[in-house]
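Reviewing the structure listed below.
Basis for what follows: all heavy atoms, side chains included, without hydrogens, waters or symmetry-related copies. Being a predicted model, the structure only gives us computed values, none of them experimental.
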Amino acid sequence: MITIEKGNKAPAFKGVDQDGNKIALSDFKGKKLALYFYPQDATPTCTVQACNLRDNFTSLQKEGITIIGVSPDDAASHKKFEAKQQLPFRLIADTAHSIIDAYGVWGEKQLYGRKYMGLHRTTFLIDEKGKIKHIIIKPKSKDHAAEIIAAFNA
């Protein structure tokens with residue numbers, strides 16, 4: 001589970017987005033970053049969350065916040081999700097779980113009494129110095145952009 005705390009240095013990461021472009025935490029030095037982890041492309045709750053971020057993208061940009069999504073899906077799945085939902089932000093394909101494990105968001109979950117291993121929906125707000133400003137555990141999918149803005153401004 002999550003061992004990172006507010007004020008810690010954000011774990012460095014490198015990955016590939018839905019367009020095959022390399023992406024790393026170091027690319028965002030001096031910028032506010034909302035790194036949001038979600039379980040799976042094109043599922044109902046993940047779609048609501050992504051569309052909330054899409055619909056409020058201009059407000060997030062005005063606040064100087066960059067949005068990046070991370071899930072264990074591959075780049076092809078991310079590309080389909082981006083195209084279908086017209087997402088204006090990058091999605092990292094973390095099929096090897098390197099970023100997911102570094103941020104501690106993989107663990108036991110339960111649905112209808114059945115236990116299984118999966119990704120815990122979590123957003124890490126990283127400040128301009130690369131430190132964790134806030135961690136949103138179980139974000140409100142329908143209101144996630146407002147949560148991000150409020151936490152960055154707190």
Side-chain angles (χ1 to χ4, degrees), residues 1-28 32-57 60 65-127 130-148 150-152:
M1 284 307 296
I2 300 170
T3 57
I4 301 168
E5 295 178 8
K6 185 177 169 180
N8 288 164
K9 186 177 178 189
F13 64 81
K14 289 182 181 177
V16 176
D17 71 10
Q18 69 268 33
D19 295 315
N21 298 316
K22 291 180 181 178
I23 185 170
L25 177 61
S26 58
D27 299 338
F28 303 95
K32 296 176 189 171
L33 177 64
L35 189 66
Y36 89 97
F37 291 87
Y38 65 99
Q40 190 175 0
D41 292 333
T43 56
T45 304
C46 295
T47 300
V48 168
Q49 182 180 22
C51 290
N52 173 263
L53 295 171
R54 176 201 65 203
D55 295 346
N56 294 284
F57 191 69
L60 291 158
I65 302 166
T66 300
I67 299 290
I68 302 219
V70 182
S71 90
D73 292 318
D74 63 22
S77 176
H78 281 345
K79 190 65 185 170
K80 275 201 254 179
F81 188 44
E82 173 210 30
K84 184 173 183 180
Q85 301 304 330
Q86 299 179 323
L87 302 178
F89 47 85
R90 296 170 81 181
L91 303 171
I92 298 176
D94 191 20
T95 57
H97 291 210
S98 59
I99 304 167
I100 290 166
D101 291 345
Y103 281 79
V105 295
W106 188 264
E108 189 175 274
K109 297 175 77 171
Q110 188 170 329
L111 183 65
Y112 304 118
R114 184 179 69 87
K115 291 183 180 181
Y116 63 98
M117 297 299 285
L119 190 143
H120 291 270
R121 188 181 310 279
T122 311
T123 300
F124 293 86
L125 304 183
I126 303 168
D127 70 15
K131 296 209 172 184
I132 303 292
K133 178 166 176 65
H134 191 76
I135 302 170
I136 303 171
I137 298 170
K138 295 183 181 177
K140 296 175 184 144
S141 298
K142 291 180 183 177
D143 203 27
H144 196 38
E147 285 180 303
I148 291 169
F152 259 121

Within-4.5 Å side-chain heavy-atom neighbours: Ile136 and His144 = yes

Any donor-acceptor pair under 3.5 Å from Gln85 side chain to Cys51 backbone: no

Value for CD1 (Ile126) from CD1 (Ile135), rounded to nearest 0.5 Å, stands at 9.5 Å

Of all heavy-atom pairs linking Pro11 and Ile4, the shortest is CG-CD1, 3.4 Å

| query | Judged by atom type as modelled, is there a donor-acceptor pair below 3.5 Å linking the side chain of Lys109 to the main-chain atoms of Leu119? | reply | yes

So Asp41 and His78, side chain to side chain donor-acceptor pair (under 3.5 Å) or not? Walk me through it. CA-CA 7 Å; Asp41 292 333; His78 281 345; 2.7 Å; yes

Quiz item: Taking it one step at a time, do Phe152 and His134 satisfy side-chain contact (heavy atoms from CB on, under 4.5 Å)?
Solution: CA-CA 8 Å; Phe152 259 121; His134 191 76; over 6 Å; no

> If we only count heavy atoms from C-beta on, is the Arg121 to Lys138 side-chain gap below 4.5 Å?
Replying inline: no

- Side chain Asp19, main chain Asn21, donor-acceptor under 3.5 Å: no

message = So Asn8 and Thr3, do their side chains get closer than 4.5 Å, heavy atoms only?
response = no

Is atom CD of Gln110 surrounded by more than 12 heavy atoms (other residues, nucleotides or ligands) closer than 6.0 Å?
yes

Side-chain contact, heavy-atom cut-off 4.5 Å: Phe28 with Ile23? yes

Rounding to 0.5 Å, atoms OG1 (Thr123) and OH (Tyr103) come to a distance of 12.0 Å

On a heavy-atom basis, the closest approach of Ala75 and Ala93 is N-CB, 3.5 Å

Minimal heavy-atom distance between Arg54 and Phe89, with the atoms involved, is N-CE2, 3.9 Å

So CG of Asp17 and NZ of Lys79: to nearest 0.5 Å the spacing works out to 8.0 Å

Between the CD1 atom in Ile148 and the NZ atom in Lys32, the distance rounded to the nearest 0.5 Å is 12.0 Å

*Side-chain donor/acceptor of Asn56 to backbone N/O of Asn52, under 3.5 Å*: yes

On a heavy-atom basis, the closest approach of Ala34 and Leu125 is CB-CD2, 3.7 Å

- request: Could you tell me whether the side chain of Asp94 and the main chain of Ile100 form a donor-acceptor pair under 3.5 Å?
  value: yes

For the residue pair Phe81 and Tyr38, categorise the inter-ring angle as parallel (less than 30°), tilted (30 to 60°) or perpendicular (more than 60°). tilted

Smallest heavy-atom separation, Cys46 atom then Pro39 atom, equals SG-CD, 3.5 Å

Taking Tyr36 for the side chain and Ile67 for the main chain, is one N or O donor matched with an acceptor at less than 3.5 Å?
no

dist Lys14:NZ -> Ile99:CD1 (nearest 0.5 Å) comes out at 11.5 Å

Is there a donor-acceptor contact under 3.5 Å from the side chain of Glu108 to the main chain of Lys115?
no

Looking only at heavy atoms, the pair that brings Ser77 and Asp74 closest together is N-OD1, 2.8 Å

Per side-chain contact (heavy atoms from CB on, under 4.5 Å), Ser141 is matched among Thr47, Val48, Leu53 by Val48

Side-chain donor or acceptor of Thr122 paired with backbone N/O of His120 under 3.5 Å | yes

Value for NZ (Lys142) from OG1 (Thr45), rounded to nearest 0.5 Å, stands at 9.0 Å

